[in-house]
2 protein chains.
Amino acid sequence: MNARPQPPNSTPVGDAGNSARNGDAPGGVAPPARIAQTALYLEVAERLRQSIFAHELAPGDWVDEQALAADYGISRTPLREALKVLATEGLVTLKPRRGCYVTEVSEQDLDDIFPLMAMLEGRSAWEAARKCQPEDLARLEEIHARLESYAAANQVDLFFEANQDFHRLIQELSGNRWLLQLAQDLRKVLKLTRMYSLTVDGRLQQAMAEHQVIMAALRQRDADAAEAAMRDHLLAGRKALARPLGARPPAA
Amino acid sequence: MNARPQPPNSTPVGDAGNSARNGDAPGGVAPPARIAQTALYLEVAERLRQSIFAHELAPGDWVDEQALAADYGISRTPLREALKVLATEGLVTLKPRRGCYVTEVSEQDLDDIFPLMAMLEGRSAWEAARKCQPEDLARLEEIHARLESYAAANQVDLFFEANQDFHRLIQELSGNRWLLQLAQDLRKVLKLTRMYSLTVDGRLQQAMAEHQVIMAALRQRDADAAEAAMRDHLLAGRKALARPLGARPPAA
DNA sequence: CTTGATAATACTGTATCCATAATTATGAAT
DNA sequence: ATTCATAATTATGGATACAGTATTATCAAG
């Protein structure tokens, strides 16, 4: 029992899994322009995540601490702290005395994770349907419209981004901080696979059709229907991912 | 793309959230007897969790880094790394430049978390019912029997421990590593509340009755029934917790 | 030529040190 | 007497230095 500097003025709980990002030059050293209010290790963690998602650090790769520290223009200390965070999130694996490796996601992992995501996102949709206000729905409609145009133009990358926004907004609308947290943790892991499913044949159109059902349920504020639609949407996503895995070049 | 020391020999993924513990003297310095294969920061993290669950570090408390480091007989570096991990788990809150505080769980948080736990543990029971083998069931029966005797003797602490084992084993039997991970993350947060619900009136007996239903479903390998029973069990737990919160002395 | 042991190298893990920012205490002015 | 401003103290955040262990390369023996 101690509270020397000051008992926290009733701040309920911390947001683990921040998303700080700054516009540092990718290869340059950090100039003294760091007035940042956000902890360095969190910025580094986010930057590492981006590198991992972009497969600059590919699954199975060894993470060279001093090389990265030199590259980022920082010392090893905040980098190591960031790696601890990513390890807790499951993005990297820390082997004692052997270093840090980017996590590899197996087919089994996907089979395990997708049903969970379906549950969590289904629940999000359920809660969102009950709580969302007209202005929330409007924001969803806006993203939905963007998705539509991206799908029509076959803009896979933009579609992917907007799709993330769509799902994330629904999770936020659920108003359940913990639900959001869990879903995002799993999504981070899924992003390791690069989700090539979206590039498959008519997956974009199929996804849009599924989104339509979700939107319809939300508009009617039918929680059970929204939950079912979202769950089906996720499970369909797993199926689409099932076929092409392994043999799919980046196609940049 | 780099893999200098050695490409990880196909180890799929790391277990975030280790549970390493050694028998160090609580206040003594760590002698050179550390041949430990487990990283120090993980040991420290586990020790901090125990302190938090035991309310030696109570919700809202400030965590004094150097005092703790001195107490543990280590430097601040591994302690800080451990705190980053706990922050990611949601057990503590790191405020930039202001220090580290033990997370406080609100009533709202409980309302958010319990339905999630009900979902996750329900799913665990569902998967466990389909996958469990006779020997697995035997282990469950053993724990179940212990619970029965503890309940009869009103041994709350022992009951609590065995109850954790019961739930955890079912989650393990689900064979879904990610499901286990999510459920345990949430359970850690719930443990912050000390779960006084078990001490209330006939809650132990009620919990046993609910466990009976779960066991019956598992014996018959009825996945849907097991899921429903587990879900109801968790939600009943929330109700039991609803009344007495706030006014419940430790009663050591 | 292959296989084993030994030495060298390099990286991880921990400790110590320094700078910066926040909090607190003290003093002065209203 | 109360309040605001300023200075001192203290803790956090980051960098650097050091120790220990794993890996790799070299060399010798079979």
Side-chain angles (χ1 to χ4, degrees), chain A residues 2-9 11 14 18 20 22 24 29-45 47 61-87 92-102, chain B residues 2-9 11 14 18 20 22 24 29-45 47 61-87 92-102:
Chain A
N2 46 13
R4 251 202 305 207
Q6 179 179 345
N9 43 354
T11 19
N18 202 318
N22 64 357
D24 277 3
V29 294
R34 277 205 66 248
I35 325 120
Q37 212 49 247
T38 163
L40 181 55
Y41 86 96
L42 285 178
E43 297 182 36
V44 173
R47 190 162 167 184
D61 274 2
W62 171 58
V63 179
D64 187 335
E65 280 184 10
Q66 27 194 44
L68 263 182
D71 186 28
Y72 288 4
I74 59 174
S75 81
R76 278 176 54 224
T77 308
L79 176 62
R80 286 173 56 82
E81 292 175 343
L83 289 177
K84 302 292 189 290
V85 173
L86 295 215
V92 299
T93 301
L94 254 35
K95 304 187 180 182
R97 281 282 168 202
R98 302 205 33 190
C100 178
Y101 295 85
V102 179
Chain B
N2 46 9
R4 250 198 307 206
Q6 179 179 344
N9 43 355
T11 21
N18 201 319
N22 64 357
D24 279 2
V29 295
R34 277 202 68 250
I35 325 121
Q37 213 48 248
T38 162
L40 181 55
Y41 85 96
L42 284 177
E43 296 182 36
V44 172
R47 191 162 167 183
D61 273 3
W62 171 58
V63 178
D64 187 336
E65 281 183 12
Q66 31 194 38
L68 264 181
D71 186 27
Y72 288 3
I74 59 174
S75 81
R76 277 176 54 223
T77 307
L79 177 62
R80 284 178 50 194
E81 293 177 342
L83 288 177
K84 302 299 191 280
V85 172
L86 294 215
V92 299
T93 301
L94 252 37
K95 303 187 179 181
R97 279 283 169 201
R98 300 199 42 185
C100 178
Y101 296 85
V102 179

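Every chain is numbered from 1 and lettered A, B, ... according to where its sequence line falls, protein lines coming before strand lines. Nothing here was measured: the structure is a model prediction, and the numbers come from that model.
If you take CD of B:Glu65 and P of D:dG13, they are 6 Å apart, rounded to a whole angstrom. Rounding to whole angstrom units, CG of residue A:Leu94 and P of C:dT14 are separated by 11 Å. Atom pair A:Glu43:CD and D:dG13:P shows a separation of 13 Å (rounding to whole Å applied). Rounded to whole Å, the distance from NZ on A:Lys84 to P on C:dT12 is 10 Å. Atom CD in A:Gln66 sits roughly 17 Å away from atom C1' in D:dG14 (whole-Å rounding). With rounding to whole Å, B:Leu83 atom CG is found 15 Å from D:dA11 atom P. Summarising the geometry, the separation between NZ on A:Lys95 and C1' on C:dG13 is reported as 17 Å, rounded to the nearest angstrom. For the pair B:Asp64 CG and D:dT10 P, the computed distance is 12 Å after rounding to whole Å.
Note: B:Ile74 CD1 to B:Arg47 CZ = 8.0 Å, rounded to the nearest 0.5 Å. The distance from the OG1 atom of B:Thr93 to the CZ atom of B:Arg98 is 12.0 Å, given to the nearest 0.5 Å.
When the side-chain nitrogen and oxygen atoms of A:Arg80 are compared with OP1 and OP2 of C:dT12, none of them lie within a distance under 4.0 Å. Within the 4.0 Å cut-off from OP1 or OP2 of C:dT12, at least one side-chain nitrogen or oxygen of A:Trp62 is found.
For A:Gln66, the side chain to side chain contact (heavy atoms under 4.5 Å, CB included) partners are A:Asp64, A:Arg76, not counting sequence neighbours. Checked against salt bridge (charged side-chain N to carboxylate O under 4.0 Å, His left out), A:Arg80 has the following partners two or more places apart in sequence or in another chain: A:Glu65, B:Glu81.
The side-chain heavy atoms of A:Leu94 and B:Tyr41, taken from C-beta on, include a pair separated by under 4.5 Å. No side-chain heavy atom of B:Val92 sits under 4.5 Å from any side-chain heavy atom of B:Tyr101. A:Val85 has its side chain out of reach of B:Val85: every pair of non-hydrogen atoms, C-beta onward, lies at least 4.5 Å apart.
Closest-nucleotide positions on DNA chain D for A:Pro96 and B:Pro96 were compared, and the one nearer the 5' end corresponds to B:Pro96.
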Sub-3.5 Å pairs of nitrogen or oxygen atoms, protein against nucleotides 16-20 of chain C:
{"residue": "C:dT16", "atom": "O4", "partner": "B:Thr77", "partner atom": "OG1", "Å": "3.4"}
{"residue": "C:dT20", "atom": "O2", "partner": "B:Arg97", "partner atom": "NH1", "Å": "3.1"}

